[in-house]
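What follows is one structure encoded as structure tokens, with my remarks underneath.
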Amino acid sequence: MIQLQENTSLKPFNSFGIHVLAKQFCTVSSLNEMQELLEWNKINNYPLLVLGGGSNLLFTKNYDGLVLQNLLKGISLEKEDESYYYVKAMAGENWHQLVTYCVHKQYQGIENMSLIPGNVGASPMQNIGAYGVEIKDVFESLEAIQISDGSIVTFNNTACKFGYRESIFKHELRNQFIILSVVLKLRKTPKYNTSYGNIEEELINMNVQEPNIQSISEAVIRIRQRKLPDPSKIGNAGSFFKNPIIPTALYNQLKKDYKDMPGFAVSATALTKVPAAWLIEQTGWKGFRTGDAGCYPLQPLVLVNYGTATGAEIYNLSTQIIEKVQASFRILLEREVNIY
Ligand code: FAD
Ligand code: NAP
């Protein structure tokens, strides 16, 4: 039985720790409750916001609609074949707990994505990724409920139209589906990816000669804990901007003036990915603070709330950063965080 709450603070439900009110708020722990709530909203017709862990959004004002917190739980081995385990996780499961489960079971493929905050349901939304692995690399399918008619639809990998921090659910199908569960296809014979970032260096520091699922996960956790602010202590939503992907011709031109400008060729294209953190640091924002809104000193791609910043203050800071980077480099930074 669903229980709606009116004018509820969303502060405990977003990792930026922004205090705004939701006109209506409801947690949903089963498919029946989800259907009941969608029926209720057909009559009441509130704009709907589906909330997972709240770690990739910024509230800039009160939400004058219905916030549905998806708490569907469960992880199970759906099937296995000669090469793969097919693991099904419900949308309300915590992502890192799913990673931990797979690491313990020796299901290989998502250990590089250890310690990403948030829930399973949001993970295909923006094709989460870290250290050279994205969910699309291990994604088998998902089930989602269509908000308009309550039908349940299965999407395979191709149907999700995954891209760099992108999926069909951020574009053509925006606000049309609620993701219920995800099936990942994880390897029985491991194929590790330790070449990215400083994983190898960390493994050496850990005295690991032969990496395995467990040690790679541990290395990623150690790096992340050193570099990223813990949202339970300093409000943030991870990388605020995407790393821009620009024409390689423009990159080569810029490189003449900025010899140490990093860039990663995007394979089979004439495009280059430039770390946004470098652009932000070059334009002087690293460690910048205005009131309680700031640019994190150890990773300038992360905007932070040191205490009582409003969403609007953080948003304004992000606009200033975009403008300065554009004026200096002719590169337009795009926000990764969902703004409400
Ligand atoms: P929310 O913030 O609750 O929601 C995000 C969006 O998805 C919203 O638009 C919401 O409406 C929608 N949504 C949520 N659940 C559903 C659902 N079931 N059905 C339909 N729509 C839904 N991201 C990375 O990719 N890689 C990283 O390495 C990474 N590191 C991070 C580190 C830190 C410290 C933080 C704070 C964030 C980081 N992030 C990273 C961003 C964030 O963790 C991911 O985007 C995560 O997937 C968000 O999950 P969530 O459940 O918190 O989503
Ligand atoms: P990093 O290792 O310092 O690298 C800086 C950037 O360069 C990264 O963002 C990465 O892009 C890119 N890069 C590094 N090595 C690369 C390679 N071999 N090939 C292609 N691109 C490469 O990055 P970091 O900030 O510490 O983050 C580490 C990983 O965690 C990254 O994958 C990052 O995306 C992820 N992360 C994401 C968030 C988020 O909120 N989205 C927050 C924290 C960390 P990519 O970002 O495309 O990988």
Side-chain angles (χ1 to χ4, degrees), residues 10 13-17 28 34 48-59 63 67-72 90-96 112-135 142-145 147 164-167 169-170 173-182 193-202 220 223-245 262-267 272-279 296 298-304 336-340:
L10 293 175
F13 306 115
N14 73 95
S15 62
F16 258 121
V28 161
M34 177 96 64
L48 178 68
L49 165 56
V50 183
L51 188 68
S55 65
N56 196 28
L57 37 82
L58 176 68
F59 290 112
Y63 189 73
V67 174
L68 179 165
Q69 195 190 24
N70 185 336
L71 293 183
L72 268 60
M90 301 304 289
E93 286 289 340
N94 173 271
W95 172 263
H96 181 66
N112 289 36
M113 294 193 280
S114 296
L115 219 60
I116 297 182
N119 292 353
V120 168
S123 61
M125 277 290 293
Q126 68 142 7
N127 182 24
I128 59 165
Y131 299 97
V133 178
E134 295 173 319
I135 194 166
L142 64 78
E143 277 190 340
I145 187 165
I147 295 167
Y164 176 59
R165 304 293 182 266
E166 294 292 357
S167 76
F169 303 104
K170 281 184 116 176
L173 300 184
R174 191 179 179 82
N175 297 331
Q176 291 185 38
F177 282 90
I178 302 172
I179 296 169
L180 300 173
S181 63
V182 174
N193 181 344
T194 57
S195 61
Y196 206 90
N198 28 16
I199 297 187
E200 259 163 20
E201 193 184 314
E202 193 65 32
V220 169
I223 301 168
R224 293 182 72 103
Q225 282 177 335
R226 273 203 305 270
K227 195 166 177 181
L228 293 168
D230 176 351
S232 67
K233 299 192 179 110
I234 302 177
N236 76 93
S239 305
F240 201 88
F241 305 98
K242 291 185 196 172
N243 291 314
I245 295 177
F264 299 93
V266 180
S267 65
T272 297
K273 182 177 67 183
V274 179
W278 187 88
L279 298 167
Y296 194 57
L298 298 179
Q299 169 47 297
L301 193 47
V302 178
L303 300 190
V304 292
E336 179 175 311
V337 169
N338 298 280
I339 310 293
Y340 290 97

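As the structure is a prediction and not an experimental result, all values here were calculated from the model. For reference, positions follow the sequence shown, starting with 1. First listed ligand is number 1; within each ligand, the first listed atom is number 1.
- Protein heavy atoms are absent from the space less than 4.0 angstrom from atom 4 (O) of ligand 2.
- Checked against a 3.5 angstrom limit, the closest N/O atoms of N127 and ligand 1 fall outside it.
- Within ligand 1, counting atoms from 1 as listed, the ones closer than 4.0 Å to a heavy atom of G54 are 1 (P), 2 (O), 3 (O), 50 (P), 52 (O).
- When the heavy atoms of L72, L173, L57 are ranked by distance to atom 4 (O) of ligand 1, first place goes to L57.
- Side-chain contact between F59 and N14 is present, with heavy atoms from C-beta onward closer than 4.5 Å.
- Not a single heavy atom of F13 sits less than 4.0 Å from an atom of ligand 1.
- Distances from atom 13 (N) of ligand 2 to the heavy atoms of Y196, F240, W278 show the closest one on Y196.
- Nearest residue to atom 37 (C) of ligand 2 from A277, P300, S239 is S239 (criterion: closest heavy atom).
- Below 4.0 Å from some heavy atom of Q299 lie the following atoms of ligand 2, by number and element: 24 (P), 25 (O).
- Here atom 41 (C) of ligand 1 lies nearest to S55 when heavy atoms of S55, S239, S232 are compared.
- Below 4.0 Å from some heavy atom of L228 lie the following atoms of ligand 2, by number and element: 43 (C).
- Side-chain contact check for F169 versus Q176: every heavy-atom pair is 4.5 Å or farther apart.
- Which of S167, G129, P229, G235 comes nearest to atom 27 (C) of ligand 1 through a heavy atom is settled by distance: it is G129.
- Atom 32 (C) of ligand 1 has its closest protein heavy atom at R224 NH2, 3.3 Å.
- Taking all heavy atoms of G238, P117, G118 into account, the minimum distance to atom 43 (O) of ligand 1 is reached by P117.
- For atom 53 (O) of ligand 1, the candidate residues are A91, S123, A122, S181; the nearest heavy-atom contact is made by A122.
- Not a single heavy atom of E134 sits closer than 4.0 Å to an atom of ligand 1.
- When only interatomic distances are considered, the shortest N/O to N/O separation between Y164 and ligand 2 falls below 3.5 Å.
- Residue G52 places at least one N or O, backbone or side chain, under 3.5 Å from an N or O of ligand 1.
- Of all atoms in ligand 2, numbered sequentially from 1 with element shown, those under 4.0 Å from a heavy atom of E336 are 39 (C), 40 (O), 41 (N).
- Listed by number with element, the atoms of ligand 2 under 4.0 angstrom from any heavy atom of A130 are 30 (O), 32 (O), 35 (C).
- Ligand 2 has no nitrogen or oxygen under 3.5 angstrom from a nitrogen or oxygen of N198.
- Under a 4.0 Å criterion applied to the non-hydrogen atoms of R165, ligand 2 contributes the atoms 34 (O), 46 (O).
- Of the protein's non-hydrogen atoms, Y340 OH, 3.5 Å is the one closest to atom 8 (C) of ligand 1.
- The ligand atoms of ligand 1 that sit less than 4.0 angstrom from a heavy atom of A237 are 35 (C), 36 (C), 37 (C).
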